[in-house]
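Sequence lines set the chain letters: A, B, ... in the order given, protein chains first and strands last, and positions in each chain run from 1. Basis for what follows: all heavy atoms, side chains included, without hydrogens, waters or symmetry-related copies. Everything quoted here is computed from the prediction, not taken from an experiment.
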Number of protein chains: 2
Amino acid sequence: MTRRDRKAQFNRALIELRSLIIHGALPAGERLTETAMAARLDLSRTPLRQAMDRLVDEGLLERIDTGGCRVARFQMDDLIDAIELRGVLEGTAARLAAERGVVPELGEAMKTTLEALDRAVDPDRFDFRAYVTHNEEFHDLLARLAGSDLVAREVARSARLPAASPVAFMQGQELIPDFRVSLGRAQHQHRRIFEAIMAREGARAEALAREHARLARTNLEYVMTEHPNLAERVPGLALVAE
Amino acid sequence: MTRRDRKAQFNRALIELRSLIIHGALPAGERLTETAMAARLDLSRTPLRQAMDRLVDEGLLERIDTGGCRVARFQMDDLIDAIELRGVLEGTAARLAAERGVVPELGEAMKTTLEALDRAVDPDRFDFRAYVTHNEEFHDLLARLAGSDLVAREVARSARLPAASPVAFMQGQELIPDFRVSLGRAQHQHRRIFEAIMAREGARAEALAREHARLARTNLEYVMTEHPNLAERVPGLALVAE
DNA sequence: GAGAGCCTAGCTGTATACAAGAATCTTTCA
DNA sequence: TGAAAGATTCTTGTATACAGCTAGGCTCTC
């Protein structure tokens with residue numbers, strides 16, 4: 001709380017509206033009128049409108065030609081593409097970090113994070129909450145490792161689509177078989193990615209990071225074929241048509 | 001003019017403000033106040049504010065902690081990163097088109113465009129304006145060739161930073177030595193990229209598209225080292241520090 | 001009963017009013 | 001003379017008013 005709550009209404013609108021969409025409270029394809037939604041969230045049209053603009057940019061809302069918005073309707077293909085793009089961009093961040101060298105303090109932070117993840121996936125003291133926290137840390141650090149603000153920003157952007165984010169399937173853990181084993185494999189990949197970066201092996205780092213993102217696709221496809229009725233437990237999957 | 005001019009004020013604000021920034025009429029680092037700029041462009045704060053939000057998203061403006069915006073200050077590195085990202089994303093579009101197959105009508109359109117580009121770079125009837133038009137067409141089609149709206153959108157987005165766009169250095173043609181020869185080489189690359197895609201050679205298509213984007217970097221580095229004082233003739237380069 | 005046209009209600013885009021915070025300048029006190 | 005505090009002005013964030021366009025329904029006519 002270092003700063004005052006500037007744009008308090010805007011932030012509230014953004015968070016609440018995004019949450020409504022992601023959790024499926026607003027049916028995909030439904031038209032949203034600014035006045036009605038402003039009344040529902042108890043704020044004026046001005047900040048709500050800004051929030052809607054932002055959500056259009058995030059891809060959760062679509063503009064209607066005649067004016068106004070509706071909730072975006074996703075196909076499986078869209079999520080697969082979103083995950084693919086995240087893999088590509090994280091791969092680029094990894095490759096550039098390898099080619100250009102790692103910002104020292106971020107490299108140290110990465111070591112610490114990886115050790116924390118090692119502890120979290122240790123079968124003797126498995127700690128799911130710690131894994132979630134440090135996994136997010138890993139992906140955040142990876143995006144910034146090459147020291148390029150632009151790259152970091154675009155990687156973060158690619159993870160904004162909820163189901164494409166590296167943390168998307170953490171909530172649906174009970175749906176994934178051998179979940180603990182799968183986290184262990186993911187952590188093994190984290191280690192290899194960092195190893196490749198520090199060894200200046202750009203191509204390897206890029207390929208590994210892409211493959212790592214593929215985990216999300218595997219989980220997505222598993223949930224949608226095996227537990228389609230439970231899919232709405234994973235944030236963002238409620239939007240997927242069929 | 002199929003549709004009415006909805007959001008006329010917003011569009012005007014966006015275009016005029018972007019133009020002011022790109023052409024260096026607003027010094028990098030200068031703070032922009034909404035009221036002053038609204039008065040200058042002769043519209044109200046509401047659409048201007050939306051336009052500023054958009055330009056922040058495009059990276060041309062930066063938010064100030066205390067509220068308000070200032071013109072972004074670019075380093076060479078930022079432009080190099082932006083070009084790198086465009087290459088990566090166009091490469092992904094090319095790879096996915098190769099892997100998944102090409103949407104037939106877009107493939108046909110691409111053939112037509114490539115033939116038009118062949119004619120444009122033919123030394124006997126060299127046509128610069130035609131080249132610019134069809135080059136833009138090529139990049140637009142490439143982004144959409146895999147049939148994924150998401151991929152197309154993100155590729156387009158990566159070209160929004162003016163100096164990173166595939167058309168950035170067309171305006172500065174007189175600065176680039178052997179400009180015609182260089183366009184011929186670019187067209188050769190266009191042909192090879194499409195060839196790889198149609199042959200389903202994903203890795204080759206990706207690598208070629210990345211290398212193609214590198215042309216922009218070469219031009220950028222050439223102009224900045226050889227003609228730094230003329231750099232402002234290329235849209236967007238006026239913003240680069242030093 | 002169906003279709004077309006008109007009217008009304010509502011929504012969006014834009015302008016503007018208003019309040020609270022930030023910055024700057026001035027004034028006062030040590 | 002310098003520093004601190006207060007006041008004034010400017011700026012942003014938010015609310016709201018207004019006008020033009022859209023859409024949907026209702027009525028009238030064939």
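- Under the salt bridge (charged side-chain N to carboxylate O under 4.0 Å, His left out) criterion, A/Arg214 pairs with no residue at all, not counting sequence neighbours.
- When the C1' atom of C/dG13 is taken as reference, atom CD of B/Gln9 falls 9 Å away, rounded to whole Å.
- Relative ring orientation between A/His212 and A/His139 is described as parallel, the plane-to-plane angle staying below 30° on a 0-90° scale split at 30° and 60°.
- Residues from residues 47-60 of chain A with heavy atoms under 4.0 angstrom of DNA chain D, sorted by number: A/Pro47.
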Distance-only criterion, 3.5 Å: show the donor-acceptor pairs between side-chain atoms of residues 159-168 of chain A and protein atoms not counting sequence neighbours.
from, atom 1, to, atom 2, distance (Å)
A/Arg160, NH2, A/Asp57, OD2, 3.2
A/Ser165, OG, A/Val167, N, 3.0

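- Among residue pairs with one or both ends in residues 128-141 of chain B, those qualifying as salt bridge (Lys or Arg N to Asp or Glu O under 4.0 Å) are B/Asp140-B/Arg144; sequence neighbours excluded.
- The salt bridge (charged side-chain N to carboxylate O under 4.0 Å, His left out) search around A/Arg63 returns A/Asp53, not counting sequence neighbours.
- Taking the side-chain contact (heavy atoms from CB on, under 4.5 Å) definition, one finds that A/Val103 meets it with A/Glu105, A/Leu106, sequence neighbours left out.
- Contacts of residues 11-19 of chain B with DNA chain D (heavy atom under 4.0 Å): none.
- For residues 21-38 of chain B, every residue pair satisfying the salt bridge (Lys or Arg N to Asp or Glu O under 4.0 Å) rule, not counting sequence neighbours, is listed here: B/Glu34-B/Arg45, B/Glu34-B/Arg49.
- At D/dC21, none of the side-chain N or O atoms of A/Thr66 fall inside 4.0 Å of OP1 or OP2 (strictly under the cut-off).
- Partners of A/Arg217 according to the salt bridge (charged side-chain N to carboxylate O under 4.0 Å, His left out) rule, which considers only residues two or more places apart in sequence or in another chain, are A/Glu221.
- Protein atom CZ of A/Phe10 is 17 Å distant from nucleotide atom C1' of D/dA15, rounded to whole Å.
- Distance, A/Arg70 CZ to C/dT12 P: 14 Å, rounded to whole Å.
- In terms of the salt bridge (charged side-chain N to carboxylate O under 4.0 Å, His left out) criterion, A/Arg73 has no residue partners (sequence neighbours excluded).
- Atoms CZ (B/Arg63) and C1' (D/dT12) sit 11 Å apart, rounded to a whole Å.
- When all heavy atoms of A/Ala13 and A/Leu48 are compared, the closest pair comes out as CB-CA, 4.1 Å.
- Listed by residue number, A/Arg31, A/Leu32, A/Thr33, A/Glu34, A/Thr35, A/Arg45 are the residues of residues 29-46 of chain A with a heavy-atom contact under 4.0 Å to DNA chain C.
- Taking atom CZ of residue A/Arg6 and atom P of nucleotide C/dG21, one finds them 10 Å apart after rounding to whole Å.
- Rounded to whole Å, the distance from NZ on A/Lys7 to C1' on D/dT12 is 9 Å.
- Residues in residues 74-84 of chain B take part in these salt bridge (Lys or Arg N to Asp or Glu O under 4.0 Å) pairs, two or more places apart or across chains: A/Arg95-B/Glu84, A/Arg100-B/Asp81.
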